[in-house]
Amino acid sequence: VYGGVFHIDLVLPHATAIEVDGPTHFFGASEKGGALEATPETLFKRTLLKRLGWRVVAVSYAEWEAARGSRDTQVQLLRRRLAEAGYPLEREAGQDAALE
C-alpha cells in the first residue's frame, strides 16, 4: 500500500512500480478481439504514481495470458516493458539480474 491510498503490485528499485492489471482495470472485451481501454481509476492511479516520481510499468492480463506457458516469453515481455519505461536493465557490479 502506497501512502495508505492504494496497492502497488510489485515494487522494484529505482522507484519502479509494476502493475499487473486484471479485467476490472479495463472497459471492453478482449475476448472479442477489441482493444482494452483503461478505466478512469486505473489511469488516475498511474498518473498519480508518475507525478510522485514513480516509473510505472503496466502489464494487462491479456498480455500476460498471451505469454503464458513460456517463461522466456513472460521475461521478454517484462524486460521490454521495463526498457520502455526507462528502467536500467543492465546489471550493476555485484548484483544479480532481477529478471532472469
Side-chain angles (χ1 to χ4, degrees):
V1 176
Y2 185 74
V5 178
F6 49 73
H7 170 87
I8 296 173
D9 293 330
L10 180 64
V11 174
L12 296 180
H14 309 289
T16 301
I18 295 182
E19 289 292 302
V20 181
D21 295 333
T24 61
H25 290 266
F26 300 98
F27 296 116
S30 65
E31 299 83 23
K32 297 179 182 177
L36 296 175
E37 181 182 345
T39 63
E41 294 84 358
T42 297
L43 295 174
F44 174 75
K45 180 179 177 181
R46 291 177 189 169
T47 299
L48 183 58
L49 282 170
K50 288 176 184 176
R51 288 191 179 175
L52 291 170
W54 286 81
R55 181 180 286 124
V56 179
V57 177
V59 178
S60 75
Y61 72 97
E63 293 171 304
W64 193 252
E65 282 297 314
R68 194 173 182 172
S70 170
R71 182 178 182 274
D72 288 339
T73 304
Q74 290 174 329
V75 169
Q76 288 173 3
L77 172 61
L78 288 175
R79 288 182 68 83
R80 184 175 68 247
R81 285 301 163 89
L82 287 165
E84 290 168 355
Y87 187 82
L89 292 171
E90 295 78 28
R91 291 186 200 193
E92 296 178 19
Q95 291 185 341
D96 293 332
L99 292 173
E100 288 188 9

Heavy-atom donor-acceptor pair, Thr16 side chain to His14 backbone, under 3.5 Å: yes

Look up atom CZ in Arg79 and atom CD in Glu84, then write down how far apart they are to the nearest 0.5 Å. 13.0 Å

Which distance, rounded to the nearest 0.5 Å, do you find between the CZ of Phe27 and the OG1 of Thr42? 8.5 Å

Nearest heavy-atom contact between Gly53 and Ala15 is O-CB, 3.9 Å

Quick one: pull up CH2 in Trp54 and CG in Leu12 and give me the separation to the nearest 0.5 Å. 9.0 Å

Is Leu48 reachable from Leu43 through a run of I, L, V, M, F, W or Y residues, each pair having side-chain heavy atoms under 4.5 Å apart? no

Salt bridge (charged side-chain N to carboxylate O under 4.0 Å, His left out) contacts in which one or both residues fall within residues 18-28, not counting sequence neighbours: Glu19-Lys45, Asp21-Arg46

CG of Leu77 to CG of Leu82, rounded to nearest 0.5 Å, is 9.5 Å

Mind running side-chain contact (heavy atoms from CB on, under 4.5 Å) on Val57 and Ile18 for me, showing each step along the way? CA-CA 5 Å; Val57 177; Ile18 295 182; 4.2 Å; yes

Check Leu49 against Ala17 and note the closest heavy-atom contact, atom names and distance. CD1-CB, 4.4 Å

Phe26 and Tyr61 aromatic ring geometry - parallel, tilted or perpendicular at 30°/60° bounds: tilted

Contacts of Ser70 that satisfy side chain to side chain donor-acceptor pair (under 3.5 Å) - sequence neighbours left out: Thr73

Qualifying salt bridge (charged side-chain N to carboxylate O under 4.0 Å, His left out) pairs with a residue from residues 47-64, counting only residues at least two apart or across chains: Glu63-Arg81

